[in-house]
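Report on the structure given below.
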Amino acid sequence: MAMFGNSSSNDKEATKSKSSSSSSSSGGSHSLNSLVQGTVVDGSVNSKNDFRVDGTIKGKLFCDAKVIIGPTGLVEGEIRCKNAMIEGKFEGILNVSEVLNIRESAKVSGDVTYNKLIVQSGALVSGNLNLVGEKRVNSNDQKAMNPSASKVGQPSKV
């Protein structure tokens, strides 16, 4: 019995030293969380590291780093993150504080806020696109400024 007691206390010490060293160096490391295809999360997810979605999230995803929605990924709800790359489907509220990259296979609909936007040819985007800090323009204001403006909310292929 003493052997198990000593071993577990040694394991605890080893774990402590590993976690303290990894947390001090975690500022430069690139950890990635991954939700694989076939997995569904219904609720809220919080992450300090990059998060890749190849499955489905119905709810909220708050990430202090980059969110990647893979080609088979689907998020219905709200995302708040630093950077995002979307290859799959997103529906809801998307708030990206830095760069939003919408790839050619993406289908994005909802209320999207970004600082920098990259949209590749072939992507489908519908809803409101808002630059961080800019006053939101509703569809009536857009028509007044540009009578030939297309309807907001209609999918457009870029």
Side-chain angles (χ1 to χ4, degrees), residues 19-158:
S19 65
S20 64
S21 67
S22 66
S23 61
S24 64
S25 66
S26 65
S29 71
H30 290 3
S31 299
L32 176 68
N33 296 291
S34 184
L35 185 69
V36 298
Q37 185 176 4
T39 303
V40 178
V41 172
D42 192 352
S44 295
V45 177
N46 293 301
S47 176
K48 291 187 184 279
N49 298 308
D50 294 353
F51 200 97
R52 182 177 176 96
V53 179
D54 289 304
T56 301
I57 294 179
K58 294 181 180 183
K60 298 178 180 183
L61 172 56
F62 301 136
C63 181
D64 294 340
K66 184 176 187 175
V67 170
I68 301 164
I69 300 176
T72 61
L74 166 65
V75 176
E76 294 177 350
E78 180 180 0
I79 294 178
R80 275 190 270 156
C81 62
K82 190 172 186 178
N83 293 294
M85 181 175 72
I86 302 176
E87 297 175 293
K89 295 179 185 173
F90 174 82
E91 297 175 11
I93 299 169
L94 176 58
N95 191 330
V96 181
S97 63
E98 291 185 6
V99 180
L100 170 58
N101 186 341
I102 302 174
R103 307 296 293 252
E104 63 276 353
S105 58
K107 294 180 181 175
V108 177
S109 64
D111 193 8
V112 179
T113 304
Y114 58 89
N115 191 4
K116 293 181 182 171
L117 177 64
I118 301 166
V119 181
Q120 292 187 338
S121 179
L124 295 173
V125 180
S126 66
N128 295 313
L129 297 176
N130 305 294
L131 182 62
V132 170
E134 288 292 312
K135 183 179 176 185
R136 186 170 292 169
V137 178
N138 67 34
S139 59
N140 291 334
D141 291 342
Q142 271 188 337
K143 288 177 188 172
M145 292 185 315
N146 183 0
S148 64
S150 64
K151 290 184 181 179
V152 173
Q154 296 296 323
S156 59
K157 193 166 186 171
V158 178

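Values below: every heavy atom of this structure, side chains too, minus hydrogens, waters and symmetry copies. Every value quoted in this text rests on a predicted model; they were computed, and no experiment measured them.
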Just checking, is any N or O donor in the side chain of N33 or N49 under 3.5 Å from an acceptor N or O on the other one?
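Short answer, no.
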Note, [X] side chain near [Y] side chain (heavy atom, < 4.5 Å):
X    : Y    : value
L94  : I86  : yes
Y114 : L131 : yes
V53  : L61  : yes
V112 : V96  : no

List the steps and the verdict of salt bridge (Lys or Arg N to Asp or Glu O under 4.0 Å) for E78 and R80.
CA-CA 7 Å; E78 180 180 0; R80 275 190 270 156; 3.3 Å; yes
Apply side chain to side chain contact (heavy atoms under 4.5 Å, CB included) to T72 and list each qualifying residue two or more places apart in sequence or on a separate chain.
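If we apply the side chain to side chain contact (heavy atoms under 4.5 Å, CB included) test to T72, skipping adjacent residues, the hits are Q37, D54.
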Using 0.5 Å steps for rounding, measure from the CD atom of E76 to the NZ atom of K58.
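Here the interatomic distance stands at 5.0 Å.
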Working to the nearest 0.5 angstrom, can you tell me the gap between I68 CD1 and L32 CG?
6.0 Å
Sequence neighbours left out, what passes salt bridge (Lys or Arg N to Asp or Glu O under 4.0 Å) with R103? Give chain and number order.
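Once residues adjacent in sequence are excluded, R103 has no partner under the salt bridge (Lys or Arg N to Asp or Glu O under 4.0 Å) criterion.
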Would you check if the side chain of S109 reaches a backbone N or O of S126 as a donor-acceptor pair within less than 3.5 Å?
no
Can you check whether K66's main-chain N or O pairs, donor with acceptor, with D50's side chain at less than 3.5 Å?
yes
With respect to N115, which candidate in L100, V132, N83 satisfies the side-chain contact (heavy atoms from CB on, under 4.5 Å) definition?
V132
For G77 versus F90, what's the shortest heavy-atom pair and its separation?
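G77 and F90 have their closest heavy atoms at O-CZ, 3.9 Å.
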Could you tell me which non-hydrogen atom of R52 sits nearest to which non-hydrogen atom of P71, and how far apart they are?
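Result for this residue pair: NH2-CD, 3.9 Å.
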